[in-house]
Undergrad: 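Here it is: the structure, laid out below.
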Number of protein chains: 2
Amino acid sequence: MLKPSDEKYLRAIYQISQSENTGKSTISELAYYLELKPPTVLERLKILEQEKYITYTKTDGIHLTRSGQKQALNVVRKHRIWETFLHKVCKFSWSEVHELAEQLQTVNSEKLIDRIFMLSGEPKFDPHGDPIPDKSGTLPASERRPLLNSIEGCRCTVLGVNEDSAEFLNYLSELKIGLNEKLVVEKIFAFDGTLKVRFKNAETALLSSKVAEKIMVSCTKPGCLCGK
Amino acid sequence: MLKPSDEKYLRAIYQISQSENTGKSTISELAYYLELKPPTVLERLKILEQEKYITYTKTDGIHLTRSGQKQALNVVRKHRIWETFLHKVCKFSWSEVHELAEQLQTVNSEKLIDRIFMLSGEPKFDPHGDPIPDKSGTLPASERRPLLNSIEGCRCTVLGVNEDSAEFLNYLSELKIGLNEKLVVEKIFAFDGTLKVRFKNAETALLSSKVAEKIMVSCTKPGCLCGK
DNA sequence: ACAAAAAGTTAGGTATACCTAATATATTTA
DNA sequence: TAAATATATTAGGTATACCTAACTTTTTGT
């Protein structure tokens, strides 16, 4: 049986690997994420490695094994279901849910998660737009489409790009839009199709239709009519 | 700020003091209740005493201070609200709720408790019939009446007795009915008013109307028509 | 009332989860 | 490519929450 703090580690490793394009995590990132010091993290990683949840080498970083990935996805599932419940059923704001879900995710009852999931209307995405894995660890399929096909109010996640010229990628990195970024389409200017998007929950940017055409996203707003 | 394990101690001390007629708890009872060894408990009690939540002397046992009582009632509140939510909203059985509530009670959010409380219909009693203290630590008033005035299906808690002859008290202790015992009235025999009651969640007893007249209880079944 | 049993206490040990400071190894940049 | 910087690692320390074994005090039963 996994301890609560093991679950935190696995979820953190998973989250970091998702937000990196390399898919690898380092000790200092993990330490920063977990608000611990690197020696503490290293010590624990050795145990997680013995238990075959991860592999770790200095050069190659931290990777989840198949078994570790399965566990991690289960924790992610619990976490995102709690977040959704807190937001939709208990009416907590977007920004309050994370910390509470962190605590609730440690509660050990598959049955409780099932009930909470039902009470929340069996959602496919959490309030941040992140997909909720099913019990077998499968993420819900999401339709990949250009950001350009959005409608106002659409919430979506960046899955990738359709062009990899340095100019384009530099431009995106200048805007600080990366893989898995969550975007909210605030306004679409009919004149030339420019999109005003909000992201990192605060910043906004104006994207020309030429750029928006090349950013591939999936919509995470339930019932959204975008791309139709 | 109280640690989760402090909360367990305070709740346990409160619970034990409720089920004893002396109102005092001992180290070994507490150790048994918490599934710990006496030296562990003693060690911790010294800290709780320093922090002014309890007083402890070998001869006088463990007592909650005013501040300790306030904390304990708050934990009891959280625990019983979770139990009710699990039972009424999540449809867990009577017997499953305790252990889960124990875990959930450690989650630190007054606001969450408020929401869960609302979702459960602002109950006055938990699924075991125990009263839920309000935020200021006040227990809901319960009407004191003889067990005799019950109707079938009535669930109630023993508050005391109306006679203290040794014969009567010995008889009750023989039946293993004590203070705060929860009783379910299973059947009333019209012939002579004998009551069949179930308690300790398993045992049953037949009580003559003479006995039932002298056992004072309060009903904890919402909307029950007993005593009317 | 005194021996036996129970309860409380002390002393000392283990495991864990964290830390800091110092050292070693990579990586970056001039 | 060497120096500067960042990251990883080792060694060793602290606090806590538990334990067992041995001893002391209190309670109980004859």
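Letters go in sequence order (proteins before strands), and every chain restarts at 1.
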Undergrad: Regarding A:Ser5, tell me which of base, sugar-phosphate or nothing describes its non-hydrogen contacts under 4.0 Å with the strands shown.
TA: nothing

Undergrad: Identify the two heavy atoms, one from B:Ser120 and one from B:Pro123, that lie closest to each other, and give their separation to 0.1 Å.
TA: O-CD, 3.8 Å

Undergrad: What are the 5'-most and 3'-most nucleotides of DNA chain D lying under 4.0 Å from any heavy atom of chain A?
TA: D:dT7 to D:dT10

Undergrad: If I take atom NZ in residue B:Lys37 and atom P in nucleotide C:dA6, what distance separates them, rounded to the nearest angstrom?
TA: 16 Å

Undergrad: So what does A:Tyr56 hit on the nucleic acid, given a heavy-atom distance under 4.0 Å: a base, only sugar-phosphate, or nothing?
TA: sugar-phosphate

Undergrad: To the nearest 0.5 Å, tell me how far B:Arg115 CZ sits from A:Phe85 CZ.
TA: 11.0 Å

Undergrad: In whole Å, what is the span from the CG atom of B:Leu36 to the P atom of C:dG8?
TA: 15 Å

Undergrad: Identify which one of B:Lys78, B:Arg80, B:Arg11 satisfies the salt bridge (Lys or Arg N to Asp or Glu O under 4.0 Å) criterion when paired with B:Glu102.
TA: B:Arg11

Undergrad: What nucleic acid atoms does A:Thr40 come within less than 4.0 Å of, heavy atoms only: base, sugar-phosphate, or nothing?
TA: base

Undergrad: Backbone N or O of B:Glu181 within a donor-acceptor pair of the B:Thr157 side chain at under 3.5 Å?
TA: no

Undergrad: If you compare every side-chain N and O of A:Thr59 against the phosphate oxygens of C:dA26 (OP1, OP2), does one of them come in below 4.0 Å?
TA: no

Undergrad: Let me confirm one number: the CD1-CG distance from A:Ile81 to A:Leu119, rounded to the nearest 0.5 Å.
TA: 11.5 Å

Undergrad: If you draw a 6.0 Å radius around CD in B:Glu99, do more than 12 non-hydrogen atoms from other residues or ligands fall strictly inside?
TA: no

Undergrad: Could you grab the distance from atom NE2 of A:His63 to atom CD of A:Glu49, nearest 0.5 Å is fine?
TA: 11.0 Å

Undergrad: Taking DNA chain D as the partner, which of residues 42-49 of chain A come within under 4.0 angstrom of it by heavy atom?
TA: A:Leu42, A:Lys46

Undergrad: Does any non-hydrogen side-chain atom of B:Leu175 lie less than 4.5 Å from one of B:Glu203?
TA: no

